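What's counted below: heavy atoms across the whole structure, side chains too, no hydrogens, waters or symmetry copies. For clarity, every value in this text was computed on a predicted model and none was experimentally measured.
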Amino acid sequence: QVQLVESGGGLAQPGGSLRLSCAASGFTFSSSAMSWARQAPDKGIEWVAVIFGDGSETYYTDSVKGRFTISRDNAKNTVYLEMNRRKPEDTALYHCARDKGWSDDSRWYPAIDFPSWGQGTQVTVSS
């Protein structure tokens, strides 16, 4: 059974750093690209970032590029999202999930495995 458990969210001021964690089980984590996606009211589902199974490549949506960093520790079956210079626009429910998308040389085309994504962790950025 695939299980993804997100943690690390909360209420935070703009700026600063916050690290979200996603603990995975039930599949071969190290061979799976993993993404973070977020849901904000009336904004649908927005893919945020992806990291390849071996951590060799990462891609980000433009709105977080340069601010967020996705990483993973395959020994711990965990993927992280480091959120720096947070903005109120980052307020959302953040999910991690397996990603079966593809890339060209410059961008990632996500294909989120929606049944696999976790319950999410809420990030609220407010001054």
Discussion item. Can you give me the closest heavy-atom contact between Val79 and Cys96, atom names plus distance?
Written reply: CG1-CB, 4.3 Å
Practice prompt. Could you give me the CA-CA distance, side-chain angles and deciding distance for Ser126 and Thr91, then say whether side chain to side chain contact (heavy atoms under 4.5 Å, CB included) is met?
Written response: CA-CA 8 Å; Ser126 179; Thr91 296; 6.0 Å; no
Worksheet item: Mind checking who shares a hydrophobic cluster with Trp102, ILVMFWY linked at side-chain heavy-atom distances under 4.5 Å?
Response: Tyr109
Discussion item. Measuring centre to centre across the rings, with the benzene-like ring taken for any Trp, is Trp47 within less than 6.0 Å of Tyr59?
Written reply: no
Worksheet item: Taking all atoms of both residues into account, what is the closest heavy-atom pair of Leu81 and Ala49, and its distance?
Response: CD1-CB, 4.3 Å
Discussion item. For residues Trp108 and Val48: do they belong to one hydrophobic cluster (side chain heavy atoms under 4.5 Å, members Ile, Leu, Val, Met, Phe, Trp, Tyr)?
Written reply: no
Worksheet item: OH of Tyr94 to OG of Ser7: how many Å apart, nearest 0.5 Å?
Response: 15.0 Å
Practice prompt. Working to the nearest 0.5 Å, report the span between CD of Glu82 and CD1 of Ile70.
Written response: 12.0 Å
Worksheet, complete the sentence: CD of Gln122 to CD of Glu6, rounded to nearest 0.5 Å, is 12.0 Å
Worksheet item: With sequence neighbours left out, which residue pairs that include part of residues 66-80 fulfil the salt bridge (charged side-chain N to carboxylate O under 4.0 Å, His left out) condition?
Response: Arg67-Asp90
Worksheet item: With Ser71, which residues qualify under side-chain contact (heavy atoms from CB on, under 4.5 Å), at least two apart?
Response: Tyr80
Worksheet item: Quick check: are there more than 12 heavy atoms from other residues, nucleotides or ligands sitting under 6.0 Å from CD of Gln119?
Response: no
Worksheet item: What residues, two or more places apart in sequence or in another chain, satisfy salt bridge (Lys or Arg N to Asp or Glu O under 4.0 Å) together with Asp104?
Response: none
Worksheet item: What are the two closest non-hydrogen atoms of Thr69 and Tyr60, and how far apart are they?
Response: CA-OH, 3.2 Å
Worksheet entry | Minimal non-hydrogen separation, Gly120 against Leu93, with atom names | C-CD1, 3.7 Å
Worksheet item: With ILVMFWY side chains joined below 4.5 Å, transitively, what does Val5's cluster contain besides itself?
Response: none
Item to complete: May I have all residue pairs that pass salt bridge (charged side-chain N to carboxylate O under 4.0 Å, His left out) and include part of residues 111-123, sequence neighbours excluded?
Response: Arg98-Asp113
Let me have the donor-acceptor pairs involving side chains of residues 13-34, under 3.5 Å, with sequence neighbours excluded, atom names and distances please.
residue, atom, partner, partner atom, Å
Ser17, OG, Asn84, OD1, 2.4
Ser31, OG, Thr28, O, 3.0
Ser32, OG, Thr28, O, 3.1

Response to the item:
For residues 43-64, the salt bridge (charged side-chain N to carboxylate O under 4.0 Å, His left out) pairs (sequence neighbours left out) are Arg38-Glu46, Asp62-Lys65
Worksheet item: Atom CG in Asp99, atom CH2 in Trp36: separation rounded to 0.5 Å?
Response: 13.5 Å
